[in-house]
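The analysis underlying the following values was restricted to heavy atoms, covering all of them including side chains, and did not include hydrogens, waters or symmetry mates.
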Amino acid sequence: MPKLIIDSKEVSFEQGQTVLEAARENGIKIPHFCWHPKLSISGNCRICLVEIEKLPKLVISCSTLAAEGMIVHTRSEKVINARNAVMEFILINHPLDCPICDEAGECKLQDYAYKHGTGESRFVEEKNHKDKRVELGPHVMFDAERCISCSRCIRFCDEIAKEAQLTFIKRGDRVTIVTYPGQQLDNPYSMNVVDICPVGALTSRDFRFKARVWEMSSTASVCQGCSRGCNIDIWVRNNEILRLTPRKNEEVNSYWMCDHGRLNTFKFVNENRVGMPYIKSGGELIQSTWDAAVNKAASLLKTVNKDKTAFIGSASASCEDNYILMKFARSVIGTKNISYYKYIDENFGDDILRRSDVTPNSTGADLLGMNGYLNYSNLSDGINNGSIKAVYLMDDNIVDKDPSLEALFSKLDFLIVHSSNMTKTAGMADVLFPSAAFAEINGTLVNFNKRVQRLRPAVALKEADRSLDGMNVSRLDKFGTGYDRWAQGRKRDALSGWKIISMIAAQLNNKFKYDTAEDVFNEIVRSIPEFAGLDYELIGKNGSDLKVKIAQPTLKA
Amino acid sequence: MDIWITIGFTLIKMLVIIVIMFLSVAYLVYFERKISAWVQDRLGPNRVGWKGALQPFADVFKLVLKEDIVPDAANKPIHTIAPVIALFIAFSTYAVIPFGPSLEIFGYTVSLVVADVNIGILYVLALTSIGVYAITLAGWSSGSKYSLLGGIRSSAQMISYEVSMGFSVAGVLLLSESLRPIAIVETQGAWLWNAWIQPIGFITFLVSAFAETNRLPFDLPEAEPELVGGFHTEYSSLKFAAFFLAEYANMLIASALIVTLYFGGYNIPFIDINSIGLAPWLAVAAQVAAFVGKVVFMLFFFLWVRWTIPRFRYDQLMNLGWKVMFPLSLLNLLWVAALIMIFKM
Amino acid sequence: MSVKKRAKDLTLLERIYIPEIIKGLALTLKTMFRPKYTMEYPEEKFVPPPSYRGRPVLVLDENNEERCVACGLCSRVCPSLAIDIQASETEREKERYPERFEINMLRCIFCGLCEEVCPEEAIVMSKDYEMAFSNRENAIFGKDKLLVPVSQLKDRIEFLRSYK
């Protein structure tokens with residue numbers, strides 16, 4: 001391997017790497033605004049200037065190819081002076097907006113100004129004024145004054161989202177970014193430009209001014225939007241999810257996620273929740289207690305012939321929940337009527353990240369052996385011809401997807417539902433259990449590519465204690481008391497599916513002995529060969545591939 | 001018939017004394033707070049009544065309204081009886097202290113002392129010794145370590161200082177050759193007071209009096225920083241009030257006793273009242289006023305010292321008692337004996 | 001061998017102690033007659049100097065608009081986490097304003113860091129020291145209680161400018 005010397009440290013690199021990449025791989029930090037590992041090199045910000053011996057001038061490390069025997073200085077006086085000068089130049093027209101800027105706290109420019117700036121400005125003239133509130137698209141707001149013209153967003157649209165929508169216009173200090181005439185920044189990945197923008201020029205219209213970044217806790221999790229299972233961080237303040245951001249994972253989603261996943265997959269955790277167990281009485285759901293609901297469910301399950309009871313799992317639920325449902329159906333009730341619904345939306349999939357299978361865990365459900373799936377007509381036929389008299393439904397709002405089931409469900413002897421939200425399906429239940437949402441539990445999902453990934457609790461349930469249960473805490477969580485309004489965020493009285501089912505099993509004299517989701521997963525590992533050798537630690541933050549590979553188109557990014 | 005009149009006069013004297021004592025004790029508390037404030041550049045209580053003059057009544061009212069709490073671990077009968085003893089001792093001691101000479105009322109000679117007992121001084125010493133029981137029992141019966149320590153300290157302190165107190169008084173008794181308080185007062189006359197004749201005895205008596213009344217700098221039994229409240233930690237409401245009143249009543253008695261023994265009692269300084277030729281009732285009134293004036297000064301002195309001198313450490317207290325006060329009081333005895341030998345033989 | 005005299009060694013006169021007591025008594029007696037400095041509070045009120053840090057308040061500027069832009073720096077710097085802010089968007093030029101601004105006066109320690117960190121001179125320490133609450137809810141001051149016209153805060157703002 002060829003070698004070069006950076007800051008008197010010998011470093012090896014691969015042919016074709018730039019100096020910046022070689023330094024980065026070896027833990028030497030060279031500041032950069034316009035360079036992004038997944039975007040083409042633009043070289044316009046000039047902050048990555050380094051000194052290379054035998055070259056007459058400083059060069060930008062992001063576009064200089066590393067060569068054998070090169071001697072690079074990143075901290076020499078010349079480089080530091082140049083950096084100070086570049087910072088000063090960039091800051092000339094950058095407004096002092098930090099107090100009202102959403103980027104503050106995670107802003108590259110802010111960080112570099114501390115690290116590489118001189119601390120004061122010699123520029124006494126009036127700063128440039130440009131448009132401050134431009135709606136570039138449905139989800140993105142643009143503040144032209146803050147823009148440092150790094151062109152990351154333009155390159156992202158061209159290269160990653162593959163829809164050229166943004167461009168520079170004008171020159172010099174009047175340069176600004178606009179959408180092409182008649183266009184909007186409305187590609188399905190548009191919000192990634194908010195993440196990659198090194199300043200606060202591009203902000204999320206959804207998250208705008210909701211919270212300062214330092215007030216939230218972030219928890220590594222997995223997106224629920226489709227079977228890609230993009231890695232995400234869940235940002236929580238006062239026990240409420242405020243935003244999702246993509247988390248880098250080269251095996252799954254690289255640095256990106258789609259707007260649908262970012263915007264539409266977390267709001268249900270905050271709103272319209274099933275707050276407690278319910279029992280239907282006189283056609284209406286009446287608030288109840290866990291004991292009563294579990295008793296009721298257990299006694300209902302005894303009333304119907306086991307072969308006439310259908311258990312329906314969910315491609316949105318974790319492997320743990322589906323496994324326990326299956327175990328319950330087979331060993332406690334003794335029926336083979338177990339299945340789940342798969343949701344395919346051909347319009348949704350694309351060849352970037354999105355998959356047509358819009359549930360996060362259908363592969364997991366298949367691997368667990370939740371029998372070849374029923375389709376709608378099968379369940380309908382079953383209910384119609386009387387071969388199915390009772391349904392136990394976990395975490396799937398099927399009535400919304402197939403309204404014809406509404407009439408059929410009223411023919412059933414009983415319907416037991418786990419649901420996190422007050423949906424149409426939940427409203428039809430005879431016994432309704434509040435189930436925990438993906439952001440509230442430990443669990444595993446298997447993506448289309450057979451990669452097992454972890455869910456972690458970001459929002460605390462009533463049974464949980466943020467710090468005692470090892471959940472991520474923000475400063476406010478850590479030091480707040482029950483008397484502080486900002487620490488009184490509602491904790492829902494919901495439980496993971498496997499816990500609810502274990503309670504019912506106990507009522508039917510079958511002890512399921514699990515303390516944690518990890519216990520359940522360990523049993524899955526023991527009993528399902530595909531999962532062999534895995535454990536929560538091994539899965540870690542980035543997930544772990546199952547041994548059985550199916551050929552799938554890989555990520556193009 | 002005479003006996004009934006004597007009893008009647010005695011009852012009246014008792015009534016007058018008790019009322020006066022209650023009032024003066026109440027106002028003693030008020031002045032304690034005022035003087036502490038003045039010493040510390042403050043104003044002191046000034047909310048209730050003119051310049052806070054009704055403060056004592058507000059204090060009493062508050063104490064009466066408080067809940068009476070008795071700890072579970074307390075020995076309840078003794079816990080209840082201890083403050084009663086304290087108060088009883090404090091008030092009954094005053095019986096033998098004369099506050100004026102004899103007075104002719106409707107042809108009857110009335111001496112201005114409740115009980116003119118010929119062993120009066122012995123009576124005082126005896127009763128103050130019983131006073132230790134109140135504090136010790138209170139400390140022991142409360143079932144609390146702080147109370148117990150306070151009680152034990154108190155008994156040790158009182159016993160120690162009673163020795164030097166006793167020897168100091170012995171000097172006075174030698175001179176007047178009587179245990180009758182009136183006789184002691186009469187012996188001293190207009191200016192030949194014991195305080196000048198036996199200064200060492202006076203100082204040892206004064207210091208012992210401070211120790212006996214548990215006043216600063218000798219208030220070890222209730223040393224707040226160490227013992228919370230000392231023997232009365234577990235007392236509240238009226239029982240606490242009883243201890244509180246007893247402390248100030250004791251102070252009043254100590255002052256009266258010092259005046260009687262060392263400052264010529266009701267004698268007016270340097271004036272032979274009977275030779276001026278005032279009306280007899282006026283002369284008596286002047287003498288009572290002289291007595292009251294002296295007592296008031298002594299009380300002020302008590303308060304003044306409290307807000308000037310810090311508390312002794314316990315070992316210092318014991319050292320002072322046994323190694324300084326006791327030898328000094330013996331020395332005083334020798335001194336008085338020598339005086340008697342020189343002048344009377 | 002001579003024993004060195006130490007500062008704490010007392011002379012004989014000092015060890016007799018009585019002269020020292022008399023000195024002490026003389027001092028306290030003198031003090032008793034000195035003028036008193038007590039301020040009789042409810043009748044007579046203390047008017048603090050501009051350097052006084054009383055209750056933190058939000059400034060309403062000359063146009064009767066709040067200066068605060070809800071940047072959250074005061075909330076972040078507050079060592080006792082007394083400040084709770086929810087920002088929101090406004091059509092005015094400054095874009096951002098506090099939809100909710102609450103100071104929990106039971107948590108506030110009057111350190112003045114919020115005032116020091118504020119980039120807009122929007123939160124300052126007033127001269128108000130009279131704060132008594134009968135329950136916890138009343139101790140949480142919202143915008144209704146916090147906003148104070150700038151004219152009442154001139155002293156403090158001038159003081160701050162002279163030190164910045």
Pair C:T31, B:W38: side-chain N/O donor-acceptor within cut-off below 3.5 Å: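 No.
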
Enumerate by number any residue of [range] whose heavy atoms lie under 4.5 Å from heavy atoms of chain B; in the absence of such residues, state 'none'.
| range | answer |
| --- | --- |
| residues 136-153 of chain C | none |
| residues 66-82 of chain C | none |
| residues 47-65 of chain C | none |

Is it the case that atom [atom1] in [X] sees more than 12 heavy atoms from other parts of the structure closer than 6.0 Å?
| X | atom1 | value |
| --- | --- | --- |
| C:E44 | CD | yes |
| B:F61 | CZ | no |
| C:E93 | CD | no |

Report the C-alpha separation of C:K36 and B:Q40 in whole Å, then their side-chain angles, then the decisive distance to 0.1 Å, and conclude whether the side chain to side chain contact (heavy atoms under 4.5 Å, CB included) test is met. CA-CA 9 Å; C:K36 309 295 179 243; B:Q40 295 163 357; over 6 Å; no

Check ring pair (Phe, Tyr, Trp, His ring centres under 6.0 Å) between B:F244 and all other residues, then give those that pass, not counting sequence neighbours. B:F240, B:Y248

Side chain / backbone / both / neither for C:I18 at chain B, heavy atoms under 4.5 Å: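 It is the side chain, since no backbone atom gets that close.
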
Salt bridge present between C:E40 and B:K51 (N-O < 4.0 angstrom):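 No, C:E40 and B:K51 are not salt-bridged.
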
Can you say whether B:V324 sits under 4.5 Å from chain C via the side chain, the backbone, both, or neither, judging by heavy atoms?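 Contact with chain C involves no heavy atom of B:V324 at all.
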
Side chain, backbone, both or neither: which part of B:W304 has a heavy atom under 4.5 Å from chain C? both

Quick one: [atom1] on [X] to [atom2] on [Y], what's the gap to the nearest 0.5 Å?
| X | Y | atom1 | atom2 | result |
| --- | --- | --- | --- | --- |
| B:T308 | C:L27 | OG1 | CG | 8.0 Å |
| B:W307 | C:M32 | CH2 | CE | 11.0 Å |
| C:T28 | B:L303 | OG1 | CG | 11.5 Å |
| B:D41 | C:T38 | CG | OG1 | 8.0 Å |

Step by step, would you call C:Y17 with B:I309 a side chain to side chain contact (heavy atoms under 4.5 Å, CB included)? CA-CA 11 Å; C:Y17 201 49; B:I309 304 173; 4.0 Å; yes

